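Structure, as structure tokens:
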Amino acid sequence: MSTGCGFHADALAEHAAGRLDPDRRHRLEAHVADCEACRDALEVMRLVRAHPTPVPSGLESRIRRSVAERLADGPVESVRGSRARQHPAAGGGRGPGWRRWGMPLAAAAGLAVAWLGVTEVRDADPGPSDADGVATVDIDYEPYGAWPASDGMVAGEPLLGELTEEELEELLEEMES
Amino acid sequence: MAESVVATNVEEGALLERARRGDAAALDALIGRYHADVYRVAFRILGDPDAAQDAAQDSFMKALGGLAGFREESSFRTWLLRIAANTARSAGRRTTARREVPLDPAVERRGGPSPAREAVLRTEAERVDAALAALPEKQRLAVSLRLHQELTHREIAEVLDSTEGAVRVNYHLGIKRLRELLT
């Protein structure tokens, strides 16, 4: 009988998709047989997977038609040659304001640094970052092989199933700030 | 990386190259491959089939315009779905009225259930749809993208301009709430 459930959401999702190898599948099934929370979660995942949003008929041909019409108007302007942002999809976290003020602010900062006579910059390792220079967290998360420790922590990451909804909301707020 | 994944990536790379040159057949292939995913993301944000169709069409037009600048740092699918999410959010309209829309036979997943089974499935589908609609947007999208589009948490984070950690938490919360609604 299990003494605590790590709510292995990843493993359950993989199991619902039929992608676990036999050894992990057997271990998870043994756990699920004993854990109502995971049994319910697995049922929910299977139910959701079984009912993807239906796609309206005719949508594909509608999109093809509009693309064909656009191509018939002439070559599509390259983003590089246009005033459009280089990342037209990256509209989420960085709005036009950031780009409008970025260069002037950077120039002002450069002048301020020169004025203060600061000539050395601390060479701290900022850690991994994505193409935009935003720090990323590389979580190596393997719930199948991980077992809960007495404090509920596994490799520095709290087992989500151990947290209350309030704690989860706080964690989310922290991550998104 | 599995051979099949490498082969698919190479094949898609060739498709994208042709699409950049305005090859209609390549563009059609990409539309065929991804129109359903794009629509589903838009629908999960907008909640209205008409608005989602408009957003899906707009997303492909934007992708067409941005294709030359797409640097393939993420997969094309992730990039396209991110456009879809941003386009749908910009559209920002959400209605409670949902029309019955005829299904596209090409994306139907079952081959001819009995009428009784069909009735059960329709009810079950409606339950799932209603339960997903009841979730906060971030949870709804995390669950839908994970279970329907089978994206990894990292890919979902890219689509939603979020972090992997936040996606995991939202997914976890979403499943918890769905358990309350569906079981």
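Note on naming: letters A, B, ... go to the chains in the order of the sequence lines (proteins, then strands), and numbering restarts at 1 for each one. No experiment lies behind these values; they were computed from the predicted model shown.
Remark: A:Arg62 CZ to B:Gln57 CD distance equals 4.5 Å, nearest 0.5 Å. To the nearest 0.5 Å, the span separating CG on A:Asp40 from OG1 on B:Thr183 amounts to 4.0 Å. Atom-to-atom distance recorded for B:Glu124:CD and A:His51:NE2 is 3.5 Å, nearest 0.5 angstrom. In this structure, the separation between CZ on A:Arg39 and CZ on B:Arg179 is 10.5 Å, given to the nearest 0.5 Å. Here SG of A:Cys38 is found 11.5 Å from CD1 of B:Ile175. Values are rounded to the nearest 0.5 Å. Taking CD1 of A:Ile63 as the reference point, atom CG of B:Leu27 lies at 12.0 Å (rounded to 0.5 Å).
Note: B:Leu173 leads B:Val143, B:Leu173, B:Val38, B:Thr152 in heavy-atom pairs under 4.5 Å with chain A. In terms of non-hydrogen atom pairs under 4.5 Å with chain A, the most contact-rich of B:Gly32, B:Gly22, B:Ala157 is B:Gly32. The candidate from B:Asp28, B:Leu132, B:Leu181 with the greatest count of non-hydrogen atom pairs under 4.5 Å with chain A is B:Asp28. Among B:Gln149, B:Arg177, B:Arg127, the residue with the largest count of heavy-atom pairs under 4.5 Å with chain A is B:Arg177.
B:Leu178 touches chain A through backbone and side chain together, each having a heavy atom under 4.5 Å away. Proximity to chain A (any heavy atom under 4.5 Å) is restricted, for B:Glu150, to the side chain, taken from C-beta onward. With a threshold of 4.5 angstrom between heavy atoms, A:Leu47 approaches chain B through its backbone and through its side chain.
Contact record, B:Tyr39 with A:Pro54: CE2-O, 3.4 Å, taken as the closest heavy-atom pair.
Checking side-chain atoms of B:Arg40 against main-chain N and O of A:Thr53 turns up a donor-acceptor pair under 3.5 Å. Not a single donor-acceptor pair under 3.5 Å links the side chain of B:His35 to the backbone N or O of A:Arg64.
By the side-chain contact (heavy atoms from CB on, under 4.5 Å) test, B:Arg20 is found to be paired with B:Leu16, B:Glu17, B:Leu67, B:Phe70, B:Glu72, residues two or more places apart in sequence or in another chain being considered.
Residues B:Phe60 and A:Ser66 form no side-chain contact, since every pair of their non-hydrogen atoms from C-beta on lies 4.5 Å or further apart.
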